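Beneath this line is the structure, given in structure tokens, with notes to follow.
Just so it is clear, the structure is predicted and the values come from calculations on it, not from any experiment. Each chain gets a letter, A, B and so on, in the order the sequences are listed, and its residues count up from 1.
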2 protein chains.
Amino acid sequence: MTDSDPRPTRGRPKTLDADKVLNIALTAYWHGDPADTSVNEVCRLAGISKPSLYREFGSEDGLMRATLDTYSDRVLSDVFGILETGAGLRGTLDGLIEFASTDRRMETGCLFYKMRAGKHRLGPQTRARVEELDAAAQEAYAAFLQSCRDAGDWTGPQPVDAAARYLGEQVALAFTQRASGEDPDRIRDMLGLALSVFTVVDDDPKRKTSR
Amino acid sequence: MTDSDPRPTRGRPKTLDADKVLNIALTAYWHGDPADTSVNEVCRLAGISKPSLYREFGSEDGLMRATLDTYSDRVLSDVFGILETGAGLRGTLDGLIEFASTDRRMETGCLFYKMRAGKHRLGPQTRARVEELDAAAQEAYAAFLQSCRDAGDWTGPQPVDAAARYLGEQVALAFTQRASGEDPDRIRDMLGLALSVFTVVDDDPKRKTSR
DNA sequence: GGATATTCGTACCACTCGGTATGAAAGTCC
DNA sequence: GGACTTTCATACCGAGTGGTACGAATATCC
């Protein structure tokens, strides 16, 4: 995004590798806590000077936003992918459960949800991106559930948007528990229990579950 | 706790009201974010000097621990109270749902869960208290569920401790959503949906729900 | 070679943080 | 009154924060 690549022919050649800096910032923010990772530390880890970083990203907010974009492209896209596999209600929920609870990359939680949890600490650019991604996720969950409803795969009584909200928050909770070092098996059980409300019969005795 | 009240007869009389400071710190930590509330700000709000605060509480960690104890006595006790009313499975869960989603005092979330969410930022004393309270809550949830099971009021297939964990995390999620300004009605619906797994029939066709 | 353009890192800025040295203030004991 | 004791607040400390002024370095254009 914002491909500032007019390739100036004059001037001292740049040695700063923006992608490398982004990768380092990504792991620093992701593995630790975004709010506890300072610009100074990112510079130290990347072996660059602070003015170089500010020239490239403008501000801490700009660096965080760019990092979140990288994360979105590289990780969140997988979650959206799961929602679009068309594996049906049961299969897709199982895919979400498996990804959230046991995927190795999420061992330290989800950067997006870490940022969302500390939204008030973010700069305006990053906060706006977080809100955009949150809305997009809500949209994707809702589209998934709507397709299940249309296919007769989900007959629950909840409105689609409320159920989408619930689904998203349960997945977020699982990621947060990953970040706190909870046992993946327990997380899977809990998320499975939370999402069982979609696949289990309700009070209506004339309906029957499939499983 | 640690009633340092030998009432020295000598010396300049103290003007610092520890309870007043604790109340101010409580609302500051609770209404805002514990990690974003500095000792300087508490002093400013309380109209006292920093050395006075440090003489009374020893450190920021000591102040936070004392504040958490105050919160525990004054607020968390209500949650434990709900679990001990003996209102049965349905009644107690409804009590939890109502308290977590609509109690006015929880409009800005739960201080305990805010602290737990940022546990790595806490000092050793406060962190230890958080862990104690976490264990006590887990214990209380488990005792409640066990009593429901003994009374034949809950026939779910989950182990008691796993279900207690699930229950506690769902309540915590509701508090967190309150803190983020979510609509209480939506929170009630979501928490109700999450806890419906305890009162709804499972796959076994020979069992029947009560509701 | 010299003017120009761009990027580099050092060394700084003001600010806030948690925490404390210090001496004045205000009381009791004798 | 004077020794003693305890609490008070001002004024500081070192460390870390996000951010920048500035001059040296390194390239191309003419």
Side-chain angles (χ1 to χ4, degrees), chain A residues 3-21 24-25 28-29 32-67 115 118 120-127, chain B residues 2-22 24-25 28-29 32-67 115 118 120-127:
Chain A
D3 242 6
S4 56
D5 216 359
R7 282 297 185 108
T9 56
R10 284 192 286 269
R12 176 171 173 173
K14 78 158 40 176
T15 60
L16 181 142
D17 184 345
D19 277 351
K20 178 187 146 200
V21 174
I24 289 172
Y29 288 142
D33 190 302
D36 294 340
T37 305
S38 68
V39 177
N40 290 307
E41 179 147 7
V42 173
C43 289
R44 198 177 48 80
L45 291 171
I48 63 172
S49 70
K50 241 188 317 182
S52 290
L53 188 145
Y54 277 87
R55 203 178 314 110
E56 188 69 25
F57 300 102
S59 63
E60 181 180 42
D61 189 23
L63 172 64
M64 272 202 179
R65 189 194 59 86
T67 305
M115 285 184 171
H120 61 283
R121 272 185 276 252
L122 302 176
Q125 298 177 37
T126 312
R127 177 157 56 235
Chain B
T2 70
D3 242 7
S4 57
D5 216 0
R7 282 298 187 107
T9 58
R10 284 193 285 271
R12 176 172 174 172
K14 82 157 39 176
T15 59
L16 181 143
D17 184 346
D19 277 352
K20 178 187 145 199
V21 174
L22 276 179
I24 289 172
Y29 288 142
D33 191 302
D36 294 340
T37 304
S38 67
V39 176
N40 291 307
E41 179 147 6
V42 173
C43 289
R44 198 176 49 78
L45 291 171
I48 62 173
S49 70
K50 242 192 310 186
S52 290
L53 189 146
Y54 276 88
R55 203 178 315 111
E56 187 71 24
F57 300 103
S59 64
E60 181 180 42
D61 189 22
L63 172 63
M64 271 204 178
R65 187 194 59 86
T67 305
M115 284 184 171
H120 62 283
R121 272 185 276 251
L122 302 177
Q125 299 177 36
T126 312
R127 178 158 55 236

Considering only heavy atoms from C-beta outward, does the side chain of [X] approach that of [Y] to under 4.5 Å?
| X | Y | answer |
| --- | --- | --- |
| B:Leu16 | B:Arg55 | no |
| B:Ile48 | B:Glu56 | no |
| A:Phe57 | A:Thr67 | no |

key: B:Lys50 or A:Pro51, whichever maps to the more 5' nucleotide of DNA chain D   = B:Lys50
ask   = Quick one: on DNA chain D, does B:Pro13 or A:Ser59 contact a more 5' nucleotide (nearest heavy atom)?
value = B:Pro13
remark   = Sorted by position of nearest nucleotide on DNA chain C, 5' first, the leading residue of B:Asp61 and B:Gly11 is B:Asp61
query = If each of B:Tyr54 and B:Arg12 is mapped to the nucleotide of DNA chain C with the nearest heavy atom, which maps nearer the 5' terminus, i.e. the 5' end?
reply = B:Tyr54
Interatomic distance, [X] [atom1] vs [N] [atom2] [rounded to whole Å]:
| X | N | atom1 | atom2 | value |
| --- | --- | --- | --- | --- |
| A:Arg44 | D:dA15 | CZ | P | 16 Å |
| A:Arg121 | D:dT17 | CZ | P | 15 Å |
| B:Glu41 | C:dC17 | CD | P | 8 Å |
| B:Ile48 | D:dA9 | CD1 | C1' | 11 Å |
| A:Leu63 | D:dG19 | CG | C1' | 14 Å |
| B:Lys14 | D:dT5 | NZ | P | 18 Å |
| B:Asp36 | C:dG18 | CG | C1' | 15 Å |
| B:Leu122 | C:dG18 | CG | P | 13 Å |

[X] side chain N/O closer than 4.0 Å to the phosphate oxygens (OP1, OP2) of [N]?
| X | N | value |
| --- | --- | --- |
| A:Ser38 | D:dT17 | yes |
| A:Ser52 | C:dT7 | no |
| A:Thr15 | C:dC8 | yes |
| A:Asn40 | D:dT17 | yes |
| A:Thr9 | D:dC29 | yes |
| A:Arg55 | C:dC8 | yes |

task = For residues A:Gly62 and A:Gln125, report the shortest heavy-atom separation together with the two atoms involved.
result = CA-OE1, 3.6 Å
query = How many angstroms lie between NZ in A:Lys50 and CG in A:Leu53, if you round to the nearest 0.5 Å?
reply = 10.0 Å
